[in-house]
Amino acid sequence: MKQWNSRKTMYCFFVLSIIFLAVVTVIGYFSYDKAMVVDFSRKNLPPSFSYPFGTDWMGRDMFARTMTGISMSIMLGVLAAAVSSVIAFSLGIIGASMGKAADGFVSGLIDLVMGIPHILLLVLISFALGKGFKGVVTGIAITHWTSLARLIRGEVLQLKESQYIKIAEKLGHGKLKTAVKHMTPHLLPQVLVGFVLLFPHAILHEAGITFLGFGLPPEQPAVGIILSEGMKYLTMGSWWLALFPGLLLTIVVVLFHLVGDILGRLIDPGRIHQ
Amino acid sequence: MLEERKKILSIKNLSVSFSQYEGAFRWKNLLAIKDLSLDVKEGEMVAVVGSSGSGKSLLAHSVLGILPYNATRNGEISFYGETLTEKRMRELRGKEIVLVPQSVSYLDPLMKTGLQIRKGKKDESSRQKSLEVLKCYGLERDTENLYPFELSGGMIRRILISTAVMEQPRLVIADEPTPGLHIDIARRVLSHFREIADEGAGVLLIIHDLELAVEVADRIVVLYAGTNLEEARASDFLEENRLRHPYTRALYRAMPDNGFSAEPGTQPYAENRPDGCTYAPRCEYVQEKCLKEVEYRNFQGGMVRCIMAGGEIR
Amino acid sequence: MRLEAIDISFRYDNGNRKIINNLSMHMDKDERLGITAPSGFGKTTLCKILAGYEKPDSGAVLLDGKQLFAYKGYCPVQMVWQHPELSVNPRFRLKEVLKEGDRVEKHVIEGLGIEPDWLERYPSEVSGGELQRFCIARALGQGTRFLLADEISTMLDLITQSQIWNFLMEEITLRGIGLMVVSHSEGLLKRVCTRRINLDQLGVKQ
């Protein structure tokens with residue numbers, strides 16, 4: 001039966017979002033050099049055909065700068081979210097399956113990290129590591145794994161008690177084989193959705209701490225820097241300096257969120273026929 | 001002999017279909033219940049018997065108007081002669097028509113059972129009434145102060161029944177009230193439903209255990225692959241040749257006391273249900289005519305969907 | 001070969017209710033033992049102890065004179081549970097469920113009436129009766145010496161029930177596997193079992 005349905009709409013949306021995000025990343029990556037060109041003959045131009053996002057007080061092309069900034073944010077987000085998910089996955093499994101002591105340690109660690117306001121921890125880590133790309137990625141990666149780790153730990157604890165896992169043990173399957181064969185199919189979707197939903201967080205935090213001056217260095221065309229510089233010129237009427245980068249950042253974050261949400265729904269068997 | 005009694009529930013040519021996804025994109029329409037008819041009269045207990053996948057729970061859900069979001073219902077359901085629309089079902093549900101669900105998960109774990117039985121009402125008359133109901137089901141007075149986790153399986157079923165009869169319904173639908181219960185307790189739970197019927201309400205009992213159904217119900221409707229093959233008096237199950245359909249007879253012979261014989265084959269899935277008689281692929285008397293639609297007809301005081309029912313099959 | 005329980009007692013951690021109290025019993029490999037007990041007696045718990053899912057608080061379970069939990073790997077005492085839908089991983093295809101067992105033979109799969117097109121399905125896509133056939137097949141691997149059936153056919157229709165039991169009786173006789181049947185159905189126990197015990201008269205206490 002060839003018929004349009006909501007599931008198809010979801011798939012289309014999913015694919016289009018990913019294409020959009022990929023295109024932004026690629027364009028940004030290749031316009032790095034263009035973003036650094038200073039030309040005082042074209043300073044403070046409002047948006048036009050040749051400069052869709054306008055130019056700033058040093059005559060730099062805001063379109064190129066925004067794209068580069070966003071693309072850097074996305075790449076940074078992927079890296080930080082990936083590292084975070086791996087930490088969460090390993091700690092979650094260790095906590096749930098390696099006995100009481102390990103579980104106490106992992107739970108304690110989760111509570112500890114969760115207990116400190118994470119923007120503070122992030123700023124500290126990033127600052128301690130000398131700011132820059134490395135500082136930001138490390139900071140985000142080690143502050144964002146907690147809720148996913150807790151989720152996974154709970155899931156493993158529950159799985160361990162299920163009848164079919166106990167039966168598998170009696171059928172002579174070792175602990176490792178049971179974990180790999182029986183548990184991963186249940187955990188993987190969670191990790192995947194968790195990973196995608198970490199993105200927007202990572203990106204916003206990157207922009208946040210860069211804006212505050214603890215993130216990427218000021219010469220980088222990063223979204224946080226663009227916004228903090230743009231703010232100074234807002235009062236002088238250069239609205240485009242903050243509006244377009246801010247808008248694009250919002251769109252990217254919302255898209256990631258939607259992608260995660262759709263992904264969650266597509267692989268949730270309970271809602272399979274919706 | 002029950003002819004003069006009023007019909008409470010009457011279901012005519014009910015069908016329920018599901019639209020669902022096959023693989024990632026393809027829509028598919030699946031007919032889960034096909035051309036099902038039955039009625040329940042006052043003071044009568046009708047058991048709907050079938051194995052899992054025969055559509056018996058869906059039947060209960062259709063009457064209550066609580067089918068899942070992707071289901072469509074066709075055919076006529078009427079209550080005291082009045083056609084039941086979705087809206088009317090909502091009005092009657094929980095008052096005139098009540099469901100006794102099968103599991104604990106329908107009770108609020110944080111509320112004392114007494115309060116749940118009287119649906120949160122705190123006045124003295126409701127309390128007295130709920131205590132009476134408890135007593136009538138052989139539950140201690142202080143059961144009302146217990147939380148659901150403190151009850152055994154049999155007590156929970158009795159609490160669920162108490163909750164249902166508080167409103168003095170005209171029709172009680174019991175969805176699989178026995179699984180997981182010890183046989184003695186299962187019998188006791190069913191006897192409570194029998195009492196409800198004896199007091200004049202209609203009871204529609206959805207159950208997979210034919211042996212238990214025969215002990216307690218007045219009539220038995222046998223479901224197979226989404227349609228009813230036979231409607232028999234419970235007493236017909238005393239003797240094989242009083243039964244009308246080859247499938248019912250096979251069920252009879254499969255009872256441990258009646259030969260324990262195992263007819264080969266399994267119930268077909270809705271997606272590959274045969275066009276004519278759903279039992280045709282397993283039936284030893286199958287003829288060409290069985291592959292076309294078979295009428296559900298009156299036969300020897302019951303109903304049957306078979307072209308050569310009754311005495312002719314041996 | 002003999003499976004023995006010697007003076008076992010058991011209570012769950014979370015309650016002080018003692019479920020099994022100084023119970024002793026035994027069964028041989030050519031026996032089909034039927035178990036009955038009133039409501040609330042630990043029939044499932046007894047099965048779990050005899051199949052090594054739980055260790056008794058005191059006493060011992062011996063298989064061929066050796067402690068049951070000293071057998072590593074595939075457990076020679078296999079148990080089939082009442083609820084098949086809880087006994088298989090919902091994310092496995094049914095053919096993978098069969099592979100979990102110990103080299104389950106083709107004639108077992110065919111004998112239980114498992115049809116080839118079910119193998120590609122997931123557990124939620126078949127009925128309880130069909131799923132239970134898979135659970136039984138999985139428990140009838142090469143290493144199985146004793147099979148414990150805990151109310152395995154209560155949820156099934158009569159025809160499926162007799163199909164399964166007729167096959168099981170034939171198969172275990174052929175392979176010399178001991179069978180323990182827990183059921184409330186008097187008729188079924190009469191048909192299937194060679195010996196019966198009532199836990200009421202042994203040391204199982206409520």
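Order of the sequence lines fixes the chain letters, A, B, ..., with proteins taken first and strands second; residue numbering starts at 1 for each chain.
- The shortest side-chain heavy-atom distance between B/H208 and C/L156 does not fall under the 4.5 Å cut-off.
- By the 4.5 Å heavy-atom criterion applied to side chains, C/R121 and B/Y269 are counted as neighbours.
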(request) Walk me through it: do C/R133 and B/T266 pass the test side-chain contact (heavy atoms from CB on, under 4.5 Å)? (result) CA-CA 12 Å; C/R133 295 169 203 251; B/T266 45; 3.5 Å; yes
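- Of the atoms belonging to B/S54, not a single heavy atom falls under 4.5 Å from chain C.
- Looking at B/Y252, there are no atoms closer than 4.5 Å to chain C (heavy atoms on both sides), in backbone or side chain.
- The closest side-chain heavy-atom distance from B/P256 to C/Q161 is below 4.5 Å.
- Counting heavy-atom neighbours within 6.0 Å of C/E170 CD, excluding the residue itself, gives a total of 12 or less.
- If you measure heavy-atom distances from B/E176 to chain C, you find no contacts under 4.5 Å at all.
- Only the side chain of C/E130 comes within less than 4.5 Å of a heavy atom in chain B; its backbone stays farther off.
- Atom CG of B/D275 has 12 or fewer neighbouring heavy atoms from other residues, nucleotides or ligands inside a 6.0 Å radius.
- C/D157 is not listed as a side-chain neighbour of B/Y224, based on a closest heavy-atom distance of 4.5 Å or more.
- The shortest side-chain heavy-atom distance between C/I159 and B/L251 falls under the 4.5 Å cut-off.
- The CG atom of C/L158 sits 9.5 Å away from the CG atom of B/N258 when rounded to the nearest 0.5 Å.
- For C/V192, the part sitting under 4.5 Å from any heavy atom of chain B is the side chain, from C-beta outward, and nothing else.
- The CG atom of B/D257 sits 7.0 Å away from the OG atom of C/S185 when rounded to the nearest 0.5 Å.
- Side-chain contact between C/L188 and B/M255: absent, with no pair of heavy atoms (C-beta onward) separated by less than 4.5 Å.
- C/E186 does not touch chain B: none of its heavy atoms, backbone or side chain, sits under 4.5 Å away.
- Surrounding CD of B/E140 are at most 12 heavy atoms belonging to other residues, nucleotides or ligands under 6.0 Å away.
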